[in-house]
Amino acid sequence: MNKQLLKETIKQLFTDGKGLLAMDESTGTCNKRFAEAGIPQTVEMRRSYRELIVTTPNLHESIGGAILYDETIRQQTKAGIPIIDVLIKAGIILGIKVDMGAKPMAGFPNEKVTEGLDGLRDRLVEYKKMGVRFAKWRAVIAIGNDIPTTACIKANMHALSRYAALCQEVDIVPIVEPEVLMDGNHTLQQCYDITEKVLKILFYQLYQFRIDLEGIILKPNMVIAGTENTKQNSIDKVAEATVNCLLASVPAAVPAIAFLSGGQSPAVAATHLNAINKNFKDKLPWIVSFSFARAIQQPVLEIWKGQEANVEEAQKILYRRAKYAVAAKCGKYNAVMEQSVV
Ligand code: 13P
């Protein structure tokens, strides 16, 4: 393991306030989002969509690294240029989702465990040859009646730790993503308690597996009430709970935290990230940035609709959403920006 190289990659990913773009939806998830937007669910549509993203002019101003899916990393633009070459040329660092998805956990109804460790060492070697410098593995923890169980949390954090070890073995920075889902009617306090427990178990496991904490990126959820709970908390309260939860459970040795958006609208996710960075500027020992998928891409899909004629407009909104995310990372985002026309 080259610790210096891992550190250098992380520094470059988040330089000048930049963040990460998660464009790594699996085929199933991408098709689901396409179906909702009325877009045909074909390989060619997924290719065109990913081409739209990576060819967005000046995306590198806001995006330091893009997380790809295996299908995309092997695809080309219509002009025959490999997608990865487009990104590298733009100065955007290549990342890859390497987990094989969250599958039902045997014996534990309504809980999931993420698969993908078998053969991972070889896959990482192949990706590294392609130029990949960071990876992602997502564990999913649901809150509900009597869940999550400690067994489910431990199984998932164990897998995340083994994945992280395999990444660091080949100098690929692991994004460690333990996502506590927003689905459900739980309170903010319940989300806080579960997120804290998950993170504490995660960092104990990472320690046991000899992970270099200075060579990982943590990708957590924000601490927020469930989407079905009618009592939603203020922006400042979510920011405060999120920061307190992270301070209680994430070692200062971790260089960067990059939030997932989890189903929050683009404006709400940006507002929360902004409050976290603005209100707690002097308290955060880590870079606190973003690794959004939906909170950057949702409006892009709605404008594109699978039509060539809409590509330029869709790229404009992508560029804008990424800029707003950077503004939020710097504590300089405000709702008035939403009215600006590019
Ligand atoms: P969302 O921002 O849509 O939650 O996606 C982030 C992600 O990459 C989940 O793994």
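Note that the numbering runs from 1 along the sequence shown for the chain. Indexing begins at 1, ligand by ligand and atom by atom, following the structure's order. Keep in mind it's a predicted model, so treat the numbers as computed, not measured.
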Inset, instruction - Evaluate the salt bridge (Lys or Arg N to Asp or Glu O under 4.0 Å) criterion for residues K97 and E71: first the C-alpha distance (whole Å), next the side-chain angles of each, then the deciding distance (0.1 Å), finally the verdict. - result: CA-CA 11 Å; K97 169 188 172 75; E71 179 179 81; over 6 Å; no
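Ring centroids of H272 and F259 are separated by 6.0 Å or more, keeping the two rings apart.
Sorted by first and then second residue, the side-chain hydrogen bond (donor to acceptor under 3.5 Å, both in side chains) pairs involving residues 194-221 (not counting sequence neighbours) are K7-E214, T150-K197, T195-N221, E196-K200, Y204-Q208, K219-S291. Pairs of residues two or more places apart, or lying in two chains, that qualify as side-chain hydrogen bond (donor to acceptor under 3.5 Å, both in side chains) and include a residue from residues 171-188 are R138-E179, T187-Q190.
Salt-bridge annotation for E51 and K78: absent, with no side-chain N of the basic residue lying under 4.0 Å from a carboxylate O of the acidic one.
Its side chain within the 4.5 Å cluster rule, Y192 clusters with M182, L188, V223, I224, V238 among the Ile, Leu, Val, Met, Phe, Trp and Tyr residues.
Protein neighbours of ligand 1 below 4.0 Å, counting non-hydrogen atoms: A22, D24, K136, R138, E177, K219, L260, S261, G262, S291, F292, A293, R294.
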